[in-house]
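What follows is one structure encoded as structure tokens, with my remarks underneath.
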Number of protein chains: 4
Amino acid sequence: MPTAKSKQKKTPTAANASPERRRELLAIAAEVFAEQGYNATTVRRIADEAGMLAGSLYYHFDSKESMVDEILSTFLTELWEGYDAVLAAGLGPRETIDALVTESFREIDRHRAAVAIYQKEARQLAAQPRFGYLTDSQRKFEKAWLGTLERGVADGTFRADLDIRLTYRFLRDTVWVAASWYRPEGRHSPEEIARQYVSMVLDGIAVPAEVRR
Amino acid sequence: MPTAKSKQKKTPTAANASPERRRELLAIAAEVFAEQGYNATTVRRIADEAGMLAGSLYYHFDSKESMVDEILSTFLTELWEGYDAVLAAGLGPRETIDALVTESFREIDRHRAAVAIYQKEARQLAAQPRFGYLTDSQRKFEKAWLGTLERGVADGTFRADLDIRLTYRFLRDTVWVAASWYRPEGRHSPEEIARQYVSMVLDGIAVPAEVRR
Amino acid sequence: MPTAKSKQKKTPTAANASPERRRELLAIAAEVFAEQGYNATTVRRIADEAGMLAGSLYYHFDSKESMVDEILSTFLTELWEGYDAVLAAGLGPRETIDALVTESFREIDRHRAAVAIYQKEARQLAAQPRFGYLTDSQRKFEKAWLGTLERGVADGTFRADLDIRLTYRFLRDTVWVAASWYRPEGRHSPEEIARQYVSMVLDGIAVPAEVRR
Amino acid sequence: MPTAKSKQKKTPTAANASPERRRELLAIAAEVFAEQGYNATTVRRIADEAGMLAGSLYYHFDSKESMVDEILSTFLTELWEGYDAVLAAGLGPRETIDALVTESFREIDRHRAAVAIYQKEARQLAAQPRFGYLTDSQRKFEKAWLGTLERGVADGTFRADLDIRLTYRFLRDTVWVAASWYRPEGRHSPEEIARQYVSMVLDGIAVPAEVRR
DNA sequence: CATGAATGAGAATTCATTCAT
DNA sequence: GATGAATGAATTCTCATTCAT
């Protein structure tokens, strides 16, 4: 509701429209970004998909960049709500990993496109100041997972013979790359996928020798 | 694996120069592609890095596309030499997985940039007929790994309670994403990384209950 | 001096609103045009300043162009009322110049923005048929000033050793460019500024030799 | 001559071409800018005038902005060479004014288009940090002229009854607006125009009373 | 009277590619 | 083998304008 003399210099266009329309458009954009890659996606393509002309998108958003920005920051905000809840619950290392993995697959389920974009583009985007929060998030992320692993090694829950940073990367990648193949309509629920992933990660895919015997 | 030469459409230019120069230039290009992404990389940038002007690259290559083509096909050719040797060795499922993972990390070590490019761009490139071999390779790849897993489940080596396609994806991603963080000068040799990965994947990161006791 | 209404091409929109609102909006528009330049001024910016949305301006005006049109024609209409009165008064050359300069500064005081716009944009706008009156006005203007100068040279009031067209341009520019720095709240009244300008122009800024002696 | 590894990140294109070609293109651009105004001039128009495609201009210049930048800064550099020489000559106030006016008309003669651009666009461009030198130059300019006037008033050369800032603006505008009508092929040489301007400014256009008698 | 959403015609700019030298 | 200059198509973004509500 612009009042007389309100000169919104910075954001001439953005944040005008109704939140619902924005969300619709962002969902479309996210889908296309995820499929084609951010750079390879033209604004025109998004507009086509939304049934409007390329220029019309600029009524809703400042730029292509601000679209990814909003897609990623929205996703990360929600992710951290979930993660923070898990981390605040005071669970043991094994249960924390379990809960984080489960939470992650729930996020992948809810924000598949955003996660895929994050995976592919984060490194490059993070170079721009505007996307500094990506780096921040990554740091927090590392702290959460690595810390849990360290706790687990300390209390004997996790193996001590593995390079812990390697283990961290293994876990991290293992979970998130799933966004590249995950389909919401697929056979398994995110919880079921999470259950199996946790099981693989914690206990391995091999049948233990003493069982096999 | 089709090699990417045979394409001298109009000009008698491409594929002229000495093979060594080509390889040098491709190495440079691969590095830049890996770092910035294929789309985001300008021919000019590659030329800059090579100490020449953008136009000059066209003496050596037909197009930007033919550069990735050659980078990826060279990599895949080598990869399959290694894989085929492993698969032909008649090993048991556990040993085959071990060998494939090890071979994979060796390839990551040798072709880090190419692997990173493959990870990021394969899906999109594969849409073009020229890159049909990417899809072929992926199919062969799946057959090799999935087959090994199935063999393992059948003979009791691997757990039967896991969705096998899930396991396959888990394994595949787990190994290859490593290219995104792997640095040849890093602490661990590719063989050491492979050893730890295999150990995690097969036996899990948790200390088994009966040991912990 | 054609007035810029009579243009309701398609819509019955323009020239609807109350004349006061129009004048308010035109004053705002003139200010922005003067400050940023006609081309660089967006309709949105004017609307912002007026506390409405860009589209809403089109209830009041046919187009951006019709805004400048109305601003300039209104100004010129008033200018010529003043000038015509001076020219009809039958004054001598010196007194006529004096009166014209004074009248000009009064117009600058009243229509600072319009004058500034005129100075900057007239040449370009005049190329369009719609703004033909700008050229007409300029011709009339030249006739009035140049004629007065010629009269003055003829009767010995003004120096005969100067190129008269040069003198004309000198005078014309000298007066009107003042619009670019004039501020109504400034130290001097328009009449005082005019007095000093006339004095400079007629008698020069140097102290005459025989006085200095 | 780019050497291997020379990554000119900031200026990917500009400053490549031979200086002569640059100068040619800048001369063309200046002409168009002067005639149509900076904003109203499209890059395409400049390219048309130069007999090339719009995109081709970007081989020579980074942007439309960098074209005006180079045009203006080149002009100002030369202007100050001339001005500085005058100011260093240790002339009296009257002679200094004379010399500055003459130098100014010489610059108008040499850089007519640049001067016209400066007149029309300086205020707006100066808002951008990149064009900070415009403000600097203006300040120096004011200091030079105003200082000379003050010296003249102090030593009795110039009238003391005039507002000195008004006089300064009068002089400044009077000289530079001439760029808007000056044509190199015109009747008068820049020196002749300067002579007449100086005469008008110093001694006025009126015949002194005691002479007229 | 005004808003919200869109249109559509450019605008500047980028970049792979070509080619004469 | 490489340079310098250009092409031309595509891309992001801007903005005056329209119009149903």
How many whole angstroms separate atom [atom1] of [X] from atom [atom2] of [N]?
| X | N | atom1 | atom2 | answer |
| --- | --- | --- | --- | --- |
| R45(D) | dA12(E) | CZ | P | 12 Å |
| Q36(B) | dA16(E) | CD | P | 12 Å |
| L57(C) | dT3(E) | CG | C1' | 13 Å |
| D48(D) | dA12(E) | CG | P | 12 Å |
| N39(C) | dT14(F) | CG | P | 17 Å |
| L53(B) | dA6(F) | CG | C1' | 14 Å |
| F61(D) | dT13(E) | CZ | C1' | 15 Å |

Worksheet item: Can you name the salt bridge (charged side-chain N to carboxylate O under 4.0 Å, His left out) partners of E35(B), sequence neighbours left out?
Response: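 Partners of E35(B) by the salt bridge (charged side-chain N to carboxylate O under 4.0 Å, His left out) criterion come out as none, since no residue qualifies.
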
Practice prompt. Let me know which of T42(A), V43(A), D69(A) forms a side chain to side chain contact (heavy atoms under 4.5 Å, CB included) with K64(A).
Written response: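 Checked T42(A), V43(A), D69(A) against K64(A); only one passes side chain to side chain contact (heavy atoms under 4.5 Å, CB included): V43(A).
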
Worksheet item: Just how far is it from atom CE of M67(C) to atom CG of L26(C), taken to the nearest 0.5 Å?
Response: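 It is 8.0 Å, given to the nearest 0.5 Å.
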
So if I take every side-chain heavy atom of [X] and compare against [options], which nucleotide ends up nearest?
| X | options | answer |
| --- | --- | --- |
| T42(A) | dA16(E), dG8(F), dT11(F) | dT11(F) |
| V43(A) | dT17(F), dC13(F), dT17(E) | dC13(F) |
| S63(D) | dG1(F), dT13(E), dT12(F) | dT13(E) |

Worksheet item: Given the rule that a pair is Watson-Crick or G-U wobble with both distances under 3.5 Å, how would you write DNA chain E in dot-bracket, using | for pairs to a different strand?
Response: .||||||||||||||||||||

Practice prompt. Specify the closest pair of heavy atoms between L72(B) and L125(B), including all atoms of both residues, with the distance to one decimal.
Written response: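 Result for this residue pair: CD1-CD1, 3.7 Å.
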
Worksheet item: Looking at I117(D) and A30(D), what are the two nearest heavy atoms and their distance?
Response: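 Residues I117(D) and A30(D), closest heavy atoms: CD1-O, 3.5 Å.
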
Fill in: SB check E20(C) R23(C) (cutoff 4.0 Å)
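A salt bridge is absent here (no side-chain N lies under 4.0 Å from a carboxylate O).
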
Worksheet item: Among Y118(A), F75(A), Y38(A), which residue meets the ring pair (Phe, Tyr, Trp, His ring centres under 6.0 Å) test with F33(A)?
Response: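 Checked Y118(A), F75(A), Y38(A) against F33(A); only one passes ring pair (Phe, Tyr, Trp, His ring centres under 6.0 Å): Y38(A).
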
Worksheet item: Quick one: on DNA chain F, does G55(C) or K64(A) contact a more 5' nucleotide (nearest heavy atom)?
Response: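 Checking each residue's closest nucleotide, the 5'-ward one belongs to K64(A).
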
Worksheet item: Starting at the 5' end of DNA chain F and moving along, which residue's nearest nucleotide shows up first, L25(B) or Y38(A)?
Response: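 Between the two, 5'-proximity favours L25(B).
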
Does [X] make a side-chain N or O approach to OP1 or OP2 of [N] shorter than 4.0 Å?
| X | N | result |
| --- | --- | --- |
| H60(B) | dA2(F) | yes |
| Y58(C) | dT18(F) | no |
| S56(A) | dT7(E) | yes |
| R44(C) | dG4(E) | no |
| Y59(A) | dA5(E) | yes |

Worksheet item: Closer to the 5' end of DNA chain E via nearest nucleotide, is it M52(A) or A54(B)?
Response: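 On the 5' side of the pair lies M52(A).
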
Item to complete: Pick the P atom in dT21(F) and in dC1(E), then give their distance to the nearest Å.
Response: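 So the two P atoms sit 22 Å from each other.
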
Worksheet item: Is there a donor-acceptor contact under 3.5 Å from the side chain of Q124(B) to the main chain of Q36(A)?
Response: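 Indeed, once roles are kept as given, a pair shorter than 3.5 Å links the two residues.
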
